[in-house]
Amino acid sequence: MKEFQLIEQFFKNKGQKRRDVMLGIGDDCALVQPAEGKVIAISCDTLVEGVHFFADMPAHALGYKSLAVNLSDLAAMGAEPAWMTLALSLPDVNQQWLADFSSGLFEAAEYYGVALVGGDTTRGPRCINVTINGQVPKGKALKRSGAKIGDWVFVTGSLGDSALGLDMLRNKQVIKPEHKEYLLNRHYYPTPRVLAGQALRGLASSAIDLSDGLVSDLSHILKASNVGAVIDANAIPLSSSLTESVGAEQALAYALTGGEDYELLFTVPEAQRGAIDTALLHAGVKFVKIGQICSGNKIKFTLDGQPFTPEFKGFEHF
Ligand code: ADP
Ligand code: MG
């Protein structure tokens, strides 16, 4: 199968159509028409076989996740998804694999209103790069740098599930049958908090998406904003599948250091707290206050009201 046949069969004229795409797949560049008063938000993520996913990862999940992780970056900026390009490197043309990959990719694309406008296809080790473009009203993007002393720290969803799902796949944890599907889905099909991110515009003082774990990603906010934070370990949202699988202590370790949650972490000034409740209720996402921004440049934890130093042992992720 030739490159253009592959594109024709699996990627062209598929999924979401958008009226702001003047020219899609087929020319040297795509042409898109940004909306008035908005700026373009751009981000890309690469998934490499053997590094970011196992060779036997179902292609449908891989297609879905390739876009979802990029959408999570848009969510963290409060941007609305619009257009994507796809750079695919494949060792061979496996039609079933391509069909599954494409259906996973377009499932996410249709749900979030993203049009595939171009890409590149090469032969090589399996590797997927999606570049996402979104739009955000000028001056309204959420950044990492706006957190102020006294602001409250919130997270969406629950943390640590994806990392446990990964450890289950690596046979590092034995999981009861009733929790397997949930944990695997949290790892394979992350839910980018796209609507929540948009709802936070003008309310949150800073935001980031959790791709590398709470400790690591919160540190990015603290550094960019030049502040510290006190986090109440008891308040960190944990799923029952996580706590029932590994116990409270290990569950907390997964939540603090496990990657790939793709939840949002954000800070909110006291004056906006009420507004946040209403805004996120409409976005239909669960969220919870886990701490407060303070002076300094470190994360301090409390557990049952006492200072607490988490120990992170035995959690090397690849
Ligand atoms: P060029 O050589 O000019 O870069 P290509 O032959 O690589 O063009 O690609 C032809 C068209 O197909 C271009 O519009 C490109 O954006 C699109 N394309 C190539 N690979 C993909 C892909 N994997 N998914 C979507 N579009 C693709
Ligand atoms: Mg090319």
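Read the numbers this way: they start at 1 and go in the same order the structure lists the ligands and their atoms. Residue numbers run from 1 in the order of the sequence given. Remember, predicted model here, so these are calculated numbers, not experimental data.
A perpendicular orientation is assigned to the rings of Tyr189 and Tyr64, their planes being inclined by more than 60° (bins at 30° and 60°).
Numbered from 1 in the order shown, with element, the atoms of ligand 1 that lie under 4.0 Å from a heavy atom of Thr121 read 19 (C), 20 (N), 21 (C), 22 (C), 23 (N). Taking every non-hydrogen atom of Asp28 and a distance limit under 4.0 Å, the qualifying atoms of ligand 1 come out as 3 (O). Atom numbering of ligand 1 starts at 1 in the shown order; those under 4.0 Å from a heavy atom of Gly26 are 11 (C), 13 (C), 14 (O). Interface of Leu116 with ligand 1, defined as ligand atoms under 4.0 Å from a residue heavy atom, comprises 25 (C). Against a heavy-atom cut-off of under 4.0 Å, Asp27 is close to the following atoms of ligand 1: 13 (C), 14 (O).
Defined by atom type and a distance below 3.5 Å, a donor-acceptor pair is missing between the side-chain atoms of Ser206 and Ser225.
Only the side chain of Ile7 comes within contact range of ligand 1, with a heavy atom under 4.0 Å; no backbone atom does.
If you look at Tyr262 and His187, their ring centroids are not closer than 6.0 Å.
With contacts defined as side-chain heavy-atom distances shorter than 4.5 Å, the pair Thr191/Arg193 qualifies.
Of the polar atoms of Gly119, at least one N or O is found under 3.5 Å from an N or O of ligand 1, judged by distance alone.
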Exercise for the section: Go through the steps for Thr131 and Asn70 under the test side-chain contact (heavy atoms from CB on, under 4.5 Å), then give the verdict. Expected result: CA-CA 7 Å; Thr131 298; Asn70 279 282; over 6 Å; no
Practice task
Could you walk me through whether Asp167 and Tyr254 pass side-chain contact (heavy atoms from CB on, under 4.5 Å), step by step?
Solution key: CA-CA 10 Å; Asp167 275 356; Tyr254 273 107; 2.6 Å; yes
Handout entry: Step-by-step side-chain contact (heavy atoms from CB on, under 4.5 Å) determination, Asn185 to Leu183
Key = CA-CA 5 Å; Asn185 272 329; Leu183 293 170; over 6 Å; no
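At least one heavy atom of Glu3 sits less than 4.0 Å from an atom of ligand 1.
Here the shortest heavy-atom distance to atom 22 (C) of ligand 1, taken over Leu86, Ile25, Leu6, Leu98, belongs to Leu86.
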